[in-house]
Amino acid sequence: MTRIKHLISTLAAAGLAAGMVSAAQAAEKWDMPMAYSATNFHSATGAEFAKCITTGTGGEIEVVTHPSGSLFKGGDIKRAIQTGQAPIGERLLSGHQNENAVFGMDSIPFLATSFEDAAKLWKAAKPTMEKILADQNLVLLYSVPWPPQGLYFKKEVNAVADMKGIKFRSYNNATARLAELTGMLPVTIEAAEISQAFATGVAEAMISSGSTGYDRKVWESLTHFYEVDAWLPRNYIMVNKDVWGGVSDANKNVIKGCAELAEYAGSWRAVEYTQFTLNGLKAGGMTVGPAGDSLVDELKKIGETMTAEWLEAAGADGKAITDAYKAMK
Ligand code: PCA
């Protein structure tokens with residue numbers, strides 16, 4: 001807590017100092033694309049992060065968030081920032097697994113299944129992530145986890161055999177592979193579009209957090225949520241490296257301080273949002289509860305296959321991350 005208090009006073013001081021010079025400097029506007037609904041806790045955290053920068057830099061940098069994929073669709077956000085079409089933005093880290101398997105380190109089934117373990121895994125992975133992103137003209141600012149991932153269906157499911165032929169909404173390579181290994185048919189759909197996909201039958205099931213199901217009112221189409229705690233994927237905020245290079249040292253410090261606060265606050269929000277949204281799914285009429293033991297055993301077998309495949313694809317970087325993580329446990 002002391003660390004956070006120190007941060008707040010640093011930010012306040014920086015804000016005052018920046019305020020004094022702001023009249024002399026032209027204000028810059030940074031549009032910040034985000035993929036998830038405005039009410040989602042990541043988006044709420046991002047909005048406060050944006051405000052923190054605007055206030056802390058005395059208005060020299062005004063950050064304006066654009067949630068729900070309204071400025072760029074989720075799948076286009078990283079490229080937009082790499083190429084300077086947007087200076088800053090948020091994206092699902094594992095959404096880039098097709099570029100480099102290492103990005104999927106947070107979607108390995110049953111490797112890190114609690115908030116504590118997900119934080120350790122992130123600590124183990126962060127230096128490698130920063131390096132990979134830097135090579136892509138990006139600077140990592142902060143990252144916040146999603147709540148644990150569970151399975152959504154529109155019928156009772158007690159075994160992998162019950163999943164055969166179901167159209168399964170995927171959000172990254174790992175979720176598509178999970179569909180294949182369980183005999184389902186993967187279809188990639190952004191969170192912003194899932195309500196419609198379920199309503200029209202384009203998709204009939206998914207793996208996600210209670211949070212995304214709640215945000216998108218999936219009880220209108222789906223009936224069951226099975227808590228599996230398969231993994232906790234992460235969102236991250238990145239800034240274009242050239243844009244970052246042009247920021248004054250004082251403002252860089254403000255942004256870093258705001259990022260640290262956002263990561264701290266967002267991570268707590270994720271924890272608190274977990275039960276709240278599971279209750280919300282129940283209130284919407286869904287059956288919510290842990291997956292049965294035999295189903296979990298079957299999923300763990302599939303998880304072993306996916307872990308081996310990931311380690312193979314992610315090479316030395318992947319092994320270094322999982323070794324560092326295991327050493328922290
Ligand atoms: N929600 C996001 C990613 C993980 C999650 O819980 C989604 O479903 O797209």
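Both counts, for ligands and for their atoms, begin at 1 and track the order of listing.
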Shortest protein heavy-atom distance from atom 9 (O) of ligand 1, along with the residue and atom involved: Arg169 NH2, 2.8 Å
So with a 6.0 Å cut-off around NZ of Lys164, is the heavy-atom count from everything else above 12? no
Can you give the donor-acceptor pairs under 3.5 Å from side chains of residues 111-128 to other protein atoms, not counting sequence neighbours?
residue	atom	partner	partner atom	Å
Ser114	OG	Asp117	N	3.1
Asp117	OD2	Lys329	NZ	2.9

For Gln149, which part has a heavy atom under 4.0 Å from ligand 1: side chain, backbone, both, or neither? side chain
Please state which protein non-hydrogen atom is closest to atom 6 (O) of ligand 1 and give its distance, to 0.1 Å? Ser209 OG, 2.6 Å
Identity and distance of the protein heavy atom lying nearest atom 2 (C) of ligand 1: Thr212 OG1, 3.6 Å
Please list every donor-acceptor pair under 3.5 Å in which a side-chain atom of residues 195-206 meets a protein atom from a residue at least two apart or in another chain.
residue	atom	partner	partner atom	Å
Ser195	OG	Arg216	O	3.0
Thr200	OG1	Gln196	O	2.8
Thr200	OG1	Ala197	O	3.3
Glu204	OE1	Lys167	N	2.7

Can you list the atoms of ligand 1 that are under 4.0 Å from a heavy atom of Pro233? 4 (C)
Quick one: are the ring centres of Trp146 and Tyr36 less than 6.0 Å apart? yes
So if I count the atoms of ligand 1 from 1 in the order they appear, which ones are less than 4.0 Å from some heavy atom of Ala191? 9 (O)
I'd like to know whether CG of Asp323 has more than 12 heavy-atom contacts from other residues, nucleotides or ligands below 6.0 angstrom. yes
Between Asn172 and Thr175, is there a side-chain donor-acceptor contact under 3.5 Å, judged purely by atom types and distance? yes
Sub-4.0 Å heavy-atom approach of Ser211 to ligand 1: no
